[in-house]
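What follows is a short report on a single structure.
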Amino acid sequence: MTINFGVDGNAPKNNLFISRGDVAGRISLIESVIGPNASGKTRILQGIAFLAYLIGCSYSNNPKSDIPFEPHIANYKKPSEVSTKFTINNRVFEYLFILDNKKIIKEELKEYSRTKERITAKTLASRKWDSSKDSYILIDKGLGISSPTELRKNASMIASTMQKENPSDLAKLISDYWSKNVFTYNLWVKGNTEDSTMAFDRLVQISLHRLLEQKNNPVQERLKETLSKYDIGFSDFFKHETTLPIPGASKQILYGINHKFIDEEFKTLIEQESSGTKRMIVILDNIMDALSVKNSGIAVIDEIDAFLHPDIVEAFVDLFISPETNPNKAQLLFSTHNHRLLNALDSRQIILVEKNKYGKTESWRLDEVEGIKSTDNYFTRYISGAYGARPKIGM
């Protein structure tokens with residue numbers, strides 16, 4: 001499967017398609033993933049979370065632990081391959097892994113450069129497992145790895161190098177991109193973080209705490225305006241500390257929402273709010289993170305429309321479309337069942353997903369479908385089954 005934000009020269013000249021130093025030209029700010037239930041949409045987005053873990057955080061794992069991913073059952077005994085091409089400060093990198101649950105078999109970091117004549121790539125660092133010697137064959141031209149013995153089987157070269165007292169500038173650059181505030185998402189390597197009710201309630205409290213800590217953030221003010229439009233009576237968030245009437249009890253922090261109707265104001269604890277309002281808070285927190293990153297954040301949101309009205313989902317997407325709310329050109333990758341969005345997006349921003357007869361996920365971008373025209377009504381044609389990626393419900 002390939003998720004590609006890159007577009008050709010025929011893409012519309014508007015705010016949704018921008019230049020950011022990519023050797024391929026322009027990129028899209030938005031990509032949507034659409035398909036039936038259990039088609040593999042979440043798995044696609046999990047690939048981003050897995051890469052962020054593997055590149056930036058994998059050294060935190062126990063040295064003897066398995067690498068936390070599951071290959072497709074039809075490919076269970078074979079190595080899996082995952083790679084990413086990304087841009088940092090107009091530098092274009094490609095990072096590839098071939099691995100199984102026990103070890104990284106091959107790892108390669110390349111950088112691309114462009115001249116008037118051609119595009120070239122140079123290998124900055126690589127390692128490959130040599131089973132005959134039970135060790136890695138290492139090539140390093142920038143990370144500062146002196147020996148393969150510095151590397152762990154279940155951690156990336158970047159994550160391992162960052163354990164040094166003075167890691168190289170290249171290692172810090174890539175580690176910061178993948179392990180800090182560039183990416184924000186509501187899933188991790190093992191699934192959607194909202195699947196557990198208890199975990200979800202905790203997520204809402206964490207999101208409220210973060211929103212309250214950034215009261216002077218202009219992006220947050222814009223997001224609260226969005227919330228007030230679609231949640232009748234919303235005024236602001238609040239945090240209240242109280243002490244339980246029990247001897248020796250510690251303080252308890254309560255979170256909630258201030259409501260205002262005409263001239264009356266009242267407070268409700270977050271536990272009393274609807275599932276939709278709670279979900280809006282979590283998603284707005286993720287969106288605010290991405291929109292606030294000065295060097296362009298990336299929000300990856302699974303099931304962006306869960307519990308939410310279609311108008312609210314469209315308002316979330318509009319926050320990335322508008323230069324006023326997205327001055328730093330943050331990107332959004334999301335999955336959805338809100339098919340109305342099909343007519344709000346370009347064919348280059350729609351990824352369709354379905355499983356084939358072997359149970360494997362297949363994906364394709366709508367502009368790859370033969371005969372697609374910009375004047376087509378994507379929503380109507382998708383509902384009619386013209387593009388595939390619809391549930392096959394028999395009677």
Side-chain angles (χ1 to χ4, degrees), residues 1 3 42-72 75-76 78-88 93-111 123-131 134-193 289 297-298 300 302 333:
M1 294 182 292
I3 302 300
T42 300
R43 285 294 189 187
I44 289 176
L45 303 191
Q46 275 181 271
I48 299 289
F50 177 67
L51 281 165
Y53 158 81
L54 189 62
I55 296 172
C57 309
S58 51
Y59 200 89
S60 61
N61 208 10
N62 186 301
K64 296 181 180 180
S65 295
D66 288 350
I67 300 173
F69 84 100
E70 294 181 11
H72 190 275
N75 196 50
Y76 205 83
K78 301 177 184 177
S80 296
E81 180 176 325
V82 58
S83 66
T84 175
K85 191 174 183 181
F86 54 100
T87 305
I88 311 176
F93 300 96
E94 187 170 32
Y95 210 151
L96 171 129
F97 295 91
I98 297 175
L99 68 170
D100 57 28
N101 294 91
K102 301 298 181 183
K103 65 179 176 296
I104 296 170
I105 299 168
K106 180 180 179 180
E107 181 177 3
E108 186 175 60
L109 175 65
K110 291 182 178 180
E111 182 173 7
T123 299
L124 301 176
S126 71
R127 62 166 164 167
K128 187 175 182 180
W129 182 252
D130 186 343
S131 56
D134 198 34
S135 64
Y136 284 106
I137 299 171
L138 173 69
I139 298 174
D140 181 25
K141 300 177 182 178
L143 290 184
I145 305 169
S146 56
S147 169
T149 57
E150 296 178 9
L151 303 173
R152 288 201 338 213
K153 294 179 182 180
N154 64 353
S156 70
M157 292 186 294
I158 296 293
S160 297
T161 304
M162 287 303 294
Q163 307 311 306
K164 290 175 171 283
E165 186 174 345
N166 294 302
S168 67
D169 290 340
L170 177 61
K172 287 190 286 187
L173 179 72
I174 295 174
S175 177
D176 285 352
Y177 181 83
W178 285 97
S179 63
K180 291 199 174 176
N181 295 325
V182 174
F183 288 89
T184 175
Y185 32 73
N186 66 338
L187 41 74
W188 67 308
V189 292
K190 293 190 176 179
N192 193 308
T193 54
D289 261 3
I298 301 171
V300 182
D302 186 34
L333 172 64

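Throughout, numbering of the chain's residues begins at 1 and tracks the sequence. These numbers were taken from a predicted model, which means no experiment stands behind them.
Atom CG of Leu124 is separated from atom CD of Glu108 by 9.5 Å, given to the nearest 0.5 angstrom. Separating the CG atom in Asp100 from the NZ atom in Lys78 is a distance of 14.0 Å, to the nearest 0.5 Å. Note that CZ of Phe69 is 4.0 Å distant from CG of Leu99, once rounded to the nearest 0.5 Å. Note that OG1 of Thr149 and OH of Tyr136 are 12.5 Å apart. Values are rounded to the nearest 0.5 Å. Taking OG of Ser83 as the start and CD of Glu107 as the end, the distance is 12.5 Å to the nearest 0.5 Å. Interatomic distance, Ser58 OG to Met162 CE, rounded to the nearest 0.5 Å: 12.0 Å.
In this structure, the side chain of Asn61 does not engage the main chain of Ile67 through any donor-acceptor pair within 3.5 Å. No donor-acceptor pair under 3.5 Å is formed between the side chain of Asn101 and the backbone N or O of Asp66. A donor-acceptor distance shorter than 3.5 angstrom exists from the side chain of Ser168 to the backbone of Leu143, with no hydrogens or angles considered. The main-chain N or O of Leu54 is found under 3.5 Å from a side-chain atom of Ser156 such that the two form a donor-acceptor pair. A donor-acceptor pair under 3.5 Å is absent between the side-chain atoms of Arg127 and the main chain of Pro148, judged by distance alone. The closest donor-acceptor contact from the side chain of Asp140 to the backbone of Gly142 lies under 3.5 Å.
Glu94 has no carboxylate O lying under 4.0 Å from a charged side-chain N of Lys110, or vice versa, which leaves the two without a salt bridge.
With a 6.0 Å radius and a threshold of 12 heavy atoms from other residues, nucleotides or ligands, Leu173 has its CG atom above the threshold. Environment of CD in Gln163: crowded, with over 12 heavy atoms of neighbouring residues, nucleotides or ligands closer than 6.0 Å.
Between Thr123 and Lys141 there is no side-chain heavy-atom pair separated by less than 4.5 Å. In this structure, Thr161 and Ile145 have side chains that are in contact, with non-hydrogen atoms separated by less than 4.5 Å. Contact check for Phe183 versus Leu333: no side-chain heavy atoms found under the 4.5 Å cut-off.
Evaluated for a side-chain contact (heavy atoms from CB on, under 4.5 Å) with Trp129, the options Ile104, Asp134, Ile137, Ile98 yield exactly one hit, Asp134.
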Q. Between Leu45 and Tyr185, is a side chain to side chain contact (heavy atoms under 4.5 Å, CB included) present by the stated rule, with each step listed?
A. CA-CA 9 Å; Leu45 303 191; Tyr185 32 73; over 6 Å; no
Q: Tell me, with the steps shown, if Ile48 and Ile3 meet side chain to side chain contact (heavy atoms under 4.5 Å, CB included).
A: CA-CA 10 Å; Ile48 299 289; Ile3 302 300; over 6 Å; no
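Classified by interplanar angle (parallel below 30°, tilted 30° to 60°, perpendicular above 60°), the ring pair Tyr95/Phe97 is parallel. Ring geometry, Trp178 versus Phe86: the interplanar angle exceeds 60°, so the pair is classed perpendicular (tilted spans 30 to 60°).
Under the salt bridge (charged side-chain N to carboxylate O under 4.0 Å, His left out) criterion, Glu81 pairs with no residue, sequence neighbours left out.
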